[in-house]
Amino acid sequence: MERYDPQAIEAKWQRIWREQRAFEVPNPEPDELERHAQKTYVLEMLPYPSGDLHMGHVRNYMLGEVVAHFRRRHGYAVMRPMGFDAFGLPAENAAIKEGGHPRDVTERNIAAIRRQMERMGWAIDWSRVLSSHEPSYYHWTQWLFVRFFERGLAYRREAPVKWCPNDQTVLANEQVVDGRCERCGAEVEARNLEQWFFKITDYADALLDEMSLLEEWPERVLTMQRNWIGRSEGADVVFEVADLGEHIEVFTTRPDTLFGATFFVLAPEHPLVSRLVEGSEHESAVLDYARHTAARTTVEREEKEKDGVFTGRYATNPVNGERIPIWVADYVLMEYGTGAIMAVPAHDERDYAFAERYGIEIRQVVAPADGSAVDGAFVAHTENEVLVNSGEFSGMPAPEGKRAIVESLAGRGAARAAIRYRLRDWLLSRQRYWGCPIPVVHCDGCGIVPVPDEELPVLLPEVDEYLPKGRSPLAAAEDWVATTCPRCAGPARRETDTMDTFVDSSWYFIRYADAQNDREPFSRAVADYWLPVNQYIGGIEHAILHLLYARFFVKVMHDLGLVGFREPFARLFTQGMLYRDGAKMSKSKGNTISPDEYVERYGADAARMYLLFIGPVDQDAEWQDSGFEGIVRFLHRLWRIAMEQAVKPEVDPLPDTALARKAHQTIAKVTDDIGRRFALNTPIAAVMELVNEIQRAPEDPAARFATETAVTLIQPYASHVAEELWERLGHERLWEEPWPEADPALLAVETVEIPVQVNGKIRDRLHVSPDTPEEELVALARASERVQSYLDGGEVSRTIVVPGKLVSFVT
RNA sequence: GCCGGAGUGGCGGAACUGGCAGACGCGCGGGACUCAAAAUCCCGUGUCCUCCGGGACGUGUGGGUUCGACCCCCACCUCCGGCACCA
């Protein structure tokens, strides 16, 4: 018998699919876009070409692979594109290390990845491929930036920013993890720099509220985004500094504790600090403290014990006119709220620690419902609190007290309800070479002027040296930097910072819909036809960064009238990560396994199946070599059985045999698992069961049918061998073959095994027709000797019958 | 601390809506084929007891609801992930 030869089979079918453009989906003609068509957009997060693909990627792309095949065979026009997130630091760092240009490094990696993807035989529409470093793409990234700029949603300002001393560039807040650079792990520093921001904070509420438009997103991703946006409701309260005729606002989520404010704290960076102490005996101590704080890293600032200095000034608490001391302490952060707080040591742990250290009064103003109060202690938040020691508000339940105090102060203009967010504006500029140039010029006369649309794209210039030096390497391209102002034609200088790569990946999924368009980023009609993405697939590591930015971009594009949808990804599936030796498989950890050697030895089909068989796709999995063997054995067995069955004639009509029934049950199971449950490991087990049964009963008259069923069901997983066997079984074009349907008549079982319980324990099993009436079931169960021995003549107080499921006696 | 997820044989995992726990695969034991091996095929494989009929126990721990719980409820333990001097 001819042996299973994956190398030959896979090469053959990959060639056929390519020649026949099997997986390309052209856009409908413009006048047909309106017509509702059965279409679906399946998208996996685009790879970052910092090296070859490893098994973690294979697992990720296999999800989209199975879904795409499954939906195509259900009659959908399936768009499943692929592209490359090509700009960014790893390529630039690699180029610096190895010598050469980041473009060459990137394009070499892209070519290698594409080759690997083609070798896996994935059903990708390569006619839509894009790469974010190509001018044909970043032209429109720049065009979008200009639209954002015109709307005031991209702006430049000096701000305290996070600086990575290793990568020599600023980072977005989202790219700082535990005070360290997300990419290289270096501890970040605080700097005050003029930088570009996207005004994502304008969309904080929309990003929260419109989560309701997301049909099926994992709860934990939504939670992570909610935490990141960090919406807090409370009040802004005004404290007067009578001596100076100044007033300072604070934000608090606990206006009900205002009567317990016994001191007041300003962040060392607060602009009023120097005025408060100017010329006073406290001046040098306070300014020294502020300087020390500035020299500390955020991490140091968090880890040391709380400390601070008194300013000699007092603020007036608006609820009771009390004068409370103003301190400067670095546990108050300028970035959040107003950079100033009212401190309530009895009800805030941080304030408590500070008050303890400096001997400041601790006054309890909220108490459990019984009103018991103990001054001097920290009282944690509990249910059903009431206000105490709070003047006219004493005795009120805390929530009511909150409202009443704010209302009362609001009457005098001393407070108003307020909402604050943890979310900061998105810092998008980077002082690096390998990124999309920011398309503006700086003119002495006109200020910042965007490059006119007709002059886009602003091409990334060639430079000799892209080693990071703290300013963008583009600044060295003097001929490029020197330009003329589009507005006044006077001399001007180009912006030399480049964009964060997350900007590139915030709209690529729309570009795929209309990837060749050279007049606009995409046609709105085409975009609205394909999007939102029906099924987005990617790693949980992008739960905040990419997924939040992309949602923001789409909302802005909607408000600009560029698209008709407000959320980019209707359904999101986050696959688990692949681990090896206890660590996430990644290039930086050096624990990757390349699919190449496995593909070479066992074929792509085995690798494709194994990565899904290893476990549920939404959970993390540990790479183990041992299980791979089982898949290889299965494919050989399938091959042998199919070759045996192929010589038999087809039988029609299908005889009602055990194998015929098993085949139809398998159709039902696989269809439900993939289509409804998104369980991609269990269908493989189901087809294995079917194949095992064929092996046990090769002479069953339905054996050939069962074999064809196994082949057609395994096609989304092992596309090549399935196609080859399908052909040898006398058919063609399995990738277009309608998905099989289970015949309800054959799904119905002739007999069921019904357990009989006595006091909750199974004592016997009945083999009966599934529609046996209840009375008969009970009679049969009672007649059982085994059951009788357990009933032991005792009274049956209760009998439970679940038709088709079980009989249960209680004595 | 707050929020989210998970805990099932030697291992990866299955059990979908409260109704036969351990499908499928790996590993392991036994057998067939073979001069032998590989490959392949067959049988067995949760733990303990057993007069070999079967019995008891068993899904992180302790309780509860129920005729019946891996599944629901309460409390706890462990692990993973997110957020956190955020006022």
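Proteins come first, then strands; the chains are lettered A, B, ... in the order of their sequence lines, and each starts at number 1.
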Report task. Would you confirm whether A:Gln175, through its side chain, and A:Ala172, through its main-chain N or O, come within 3.5 Å as a donor-acceptor pair? Result -> yes
Query raised in the report: Would you find a donor on one side and an acceptor on the other, under 3.5 Å apart, between the side chain of A:Glu233 and the backbone of A:Ile419?
Result: no
Please work out if [X] contacts a base, only the sugar-phosphate, or nothing of the nucleic acid, heavy-atom cut-off 4.0 Å.
{"X": "A:Arg424", "result": "nothing"}
{"X": "A:Thr223", "result": "sugar-phosphate"}
{"X": "A:Val332", "result": "base"}
{"X": "A:Asp672", "result": "base"}
{"X": "A:Ile800", "result": "base"}
{"X": "A:Arg420", "result": "nothing"}

Taking [M] as the reference, what is the distance to [N] when you measure between their [atom1] atoms (whole Å, please)?
{"N": "B:C76", "M": "B:G1", "atom1": "P", "value": "11 Å"}
{"N": "B:C28", "M": "B:A38", "atom1": "P", "value": "12 Å"}
{"N": "B:G18", "M": "B:A87", "atom1": "P", "value": "39 Å"}
{"N": "B:C11", "M": "B:G60", "atom1": "P", "value": "13 Å"}
{"N": "B:G46", "M": "B:A37", "atom1": "P", "value": "28 Å"}
{"N": "B:A15", "M": "B:U59", "atom1": "C1'", "value": "11 Å"}
{"N": "B:G13", "M": "B:G64", "atom1": "C1'", "value": "30 Å"}
{"N": "B:C52", "M": "B:G63", "atom1": "C1'", "value": "38 Å"}

Requested in this report: Classify the side chain of A:Arg226 and the base of B:C83 as holding, or not holding, a donor-acceptor pair under 3.5 Å.
Outcome: no
Query raised in the report: Can you find a donor-acceptor N/O pair under 3.5 angstrom joining the side chain of A:Glu629 to the base of B:G25?
Result: no
Minimum heavy-atom distance [X]-[Y], with the two atoms named:
{"X": "A:Tyr289", "Y": "A:Asp330", "answer": "OH-N, 2.9 Å"}
{"X": "A:Ala742", "Y": "A:Ile667", "answer": "N-CG2, 3.5 Å"}
{"X": "A:Pro6", "Y": "A:Tyr602", "answer": "CG-O, 3.6 Å"}

Nucleotide nearest [X] when distance is taken to its side chain, options [options]:
{"X": "A:Arg350", "options": "B:C86, B:C83, B:G12", "answer": "B:C86"}
{"X": "A:Pro616", "options": "B:C16, B:A14, B:A87", "answer": "B:A14"}
{"X": "A:Arg798", "options": "B:A87, B:C41, B:C67", "answer": "B:C67"}
{"X": "A:Ala685", "options": "B:C24, B:G55, B:C67", "answer": "B:C24"}
{"X": "A:Gln695", "options": "B:C41, B:G12, B:G25", "answer": "B:C41"}
{"X": "A:Thr253", "options": "B:A87, B:G13, B:G25", "answer": "B:A87"}
{"X": "A:Gln757", "options": "B:A15, B:A23, B:G68", "answer": "B:G68"}

Below the 4.0 Å mark, does [N] have OP1 or OP2 next to a side-chain nitrogen or oxygen of [X]?
{"X": "A:Asn227", "N": "B:C2", "value": "no"}
{"X": "A:Arg640", "N": "B:C41", "value": "yes"}
{"X": "A:Arg220", "N": "B:G82", "value": "no"}

Requested in this report: For A:Phe678, enumerate each residue passing the ring-ring contact (aromatic ring centres under 6.0 Å, His included) test, keeping only those at least two apart in sequence or located in another chain.
Outcome: A:Phe573
Query raised in the report: Within this structure, what is the CG-to-C1' distance between A:Asp625 and B:G12, rounded to whole angstrom?
Result: 13 Å
Report task. Send over the distance from A:Arg633 CZ to B:C26 P, rounded to a whole Å. Result -> 5 Å
Report task. Measure up the A:His542 and A:His546 rings against each other and bin them: parallel (under 30°), tilted (30 to 60°), perpendicular (over 60°). Result -> perpendicular
Requested in this report: Answer syn or anti for B:G82, where the cut-off is 90° from 0 on the glycosidic torsion.
Outcome: anti
Requested in this report: Have a look at B:G7 and give me syn or anti from its glycosidic angle (syn if within 90° of zero).
Outcome: anti
Query raised in the report: Considering Watson-Crick and G-U wobble pairs with both distances under 3.5 Å, what does B:G53 pair with?
Result: none
